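Heads up, the thing below is written out as structure tokens.
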Amino acid sequence: MFRTPSGEGVARATADRSARRPQDRRVARAAPPSLTTAAPHPTQRPPPARLPDPAPRPVTAPASARRVAPHQRLYVNVDHVATLRQARRGDEPDPVRAAALCEDAGADGITAHLREDRRHVQDADIEALHGTVRTAFNLEMAATDAMVALALRLRPPQVTLVPERREEVTTEGGLDVRHEPARLARQLAALNEAGVRSSLFIAPDADAVRASRDLGAHAVELHTGPYAHGAPGALGALDAAAELAAVLGLAVHAGHGLTADNVGPVAALPEVEELNIGHSIVSRAVYVGLAESVRQVRAAMDAARAGLARPA
Ligand code: PXP
């Protein structure tokens with residue numbers, strides 16, 4: 001039994017190897033986007049087909065019926081390496097060099113957020129990361145046409161669309177997927193057509209999950225900020241949203257505010273296949289070094305998933 005920051009208890013789910021996985025129940029899917037010009041992401045797959053919602057059932061199905069992501073990826077967000085560099089507007093520390101160290105230490109991917117105000121990561125960083133990341137590069141950006149145009153020019157393996165407000169210290173809430181849905185759907189279609197895997201950063205909320213599926217995203221990244229801050233019920237909300245997203249054919253990512261100390265219960269959610277973690281890894285690097293900081297989070301993730309049965 002894990003304890004969350006708010007004291008909630010969640011049993012570590014186990015999966016029955018013989019259980020039919022949600023993706024096995026899917027029927028006709030959309031044709032894959034053209035991948036002629038972009039290298040496919042390791043997990044590239046077509047956006048989910050528009051299927052009717054599944055019949056109502058208990059919010060959390062028996063663990064045996066849930067899909068277990070085979071390998072949970074750790075993507076390290078290097079924004080805060082750039083934050084430190086921008087404090088002096090110099091060359092160090094270099095997020096590109098830091099990204100390589102993270103990859104050497106076992107990161108499965110690198111994430112960077114090019115904010116509209118360019119407060120940390122700069123355009124040149126994005127170009128350099130895109131050219132040098134050996135694993136997978138996840139470009140985080142606001143859902144503006146200018147940012148999407150940049151992504152379509154670079155064609156990174158993955159783009160995560162996030163809400164952005166200039167006055168915020170960090171990304172504060174999930175994307176409002178009900179605001180201007182036609183624009184979001186058009187942006188996602190353009191990314192999908194370009195062979196870019198698309199993810200929407202959303203609150204762990206059933207309506208937002210369904211809307212993300214309807215808009216055509218490949219994945220949702222569930223906002224773990226409330227969980228990290230100990231909000232009551234936050235882990236249960238993540239659990240239910242992860243399960244629903246997988247049933248609807250979406251890949252499930254999660255992130256924000258996660259640390260080596262609190263990541264366990266989120267890492268143990270069966271369907272979560274990718275975690276994006278930045279601030280705590282870069283912060284702890286001050287004490288233990290970047291490679292060790294990455295390894296500590298990886299070890300916490302692996303320990304949390306050790307009890308999950310491998311998918312059939
Ligand atoms: N995921 C998203 C969408 C984010 O915006 C951020 C913060 O940049 C993170 C994950 C990483 O959050 P943290 O830096 O708190 O680990």
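Order of appearance sets the numbers: ligands from 1, and atoms from 1 within every ligand. Basis for what follows: all heavy atoms, side chains included, without hydrogens, waters or symmetry-related copies. Here the structure is a predicted model, which is why all the values come from computation and not from measurement.
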(message) Is it the case that ligand 1 has an N or O less than 3.5 angstrom from some N or O of Gly257?
(response) yes
(message) Show the atoms of ligand 1 that are less than 4.0 angstrom away from any heavy atom in Asn77.
(response) 8 (O)
(message) Only heavy atoms of His279, strictly under 4.0 Å: list the atoms of ligand 1 that pass.
(response) 13 (P), 14 (O), 16 (O)
(request) Could you tell me which atoms of ligand 1, counted from 1 in the order shown, lie closer than 4.0 angstrom to a heavy atom of Glu221? (result) 1 (N), 2 (C), 3 (C), 10 (C)
(message) Using the ring pair (Phe, Tyr, Trp, His ring centres under 6.0 Å) definition, which of the options His113, His223, His253 pairs with Phe201?
(response) His223
(request) Run the numbers for me: atoms of ligand 1, each under 4.0 Å from some heavy atom of Asp79, listed by number. (result) 8 (O)
(request) Report the relative orientation of the aromatic rings in His120 and His80; use parallel for angles under 30°, tilted for 30 to 60°, perpendicular for over 60°. (result) perpendicular
(request) Name all residues meeting the side-chain hydrogen bond (donor to acceptor under 3.5 Å, both in side chains) criterion together with Glu180; count only those two or more places apart in sequence or in a different chain, and write none if there are none. (result) Arg183
(request) For ligand 1, find out whether one of its N or O atoms is nearer than 3.5 Å to an N or O atom of His113. (result) no
(message) If I apply the N/O under 3.5 Å rule, does Val162 come out as touching ligand 1?
(response) no
(message) Counting only nitrogen or oxygen atoms and a 3.5 angstrom limit, does Thr160 reach ligand 1?
(response) no
(request) With sequence neighbours excluded, tell me which residues meet ring-ring contact (aromatic ring centres under 6.0 Å, His included) with His130. (result) none
(message) For a quick check under 3.5 Å, do Asn138 and Thr111 share a side-chain donor-acceptor pair by atom type?
(response) yes
(request) Under 4.0 Å, heavy atoms only, figure out whether ligand 1 is touched by the backbone of His223, its side chain, both or neither. (result) neither
(request) Among Arg134, Arg298, Arg73, find the residue that satisfies the salt bridge (charged side-chain N to carboxylate O under 4.0 Å, His left out) test when tested with Asp108. (result) Arg298
(message) Evaluate Asn276 for polar contact with ligand 1, using N/O atom pairs at a separation under 3.5 Å.
(response) no
(message) Between Asn276 and Glu274, do the side chains contain a donor N or O and an acceptor N or O under 3.5 Å apart?
(response) yes
(message) I'd like to check which ligand 1 atoms, numbered from 1 as shown, lie under 4.0 Å from a non-hydrogen atom of Ile277.
(response) 16 (O)
(message) So which atom in Leu308 and which in Pro270 form the shortest heavy-atom distance, rounded to 0.1 Å?
(response) CD1-CA, 4.2 Å
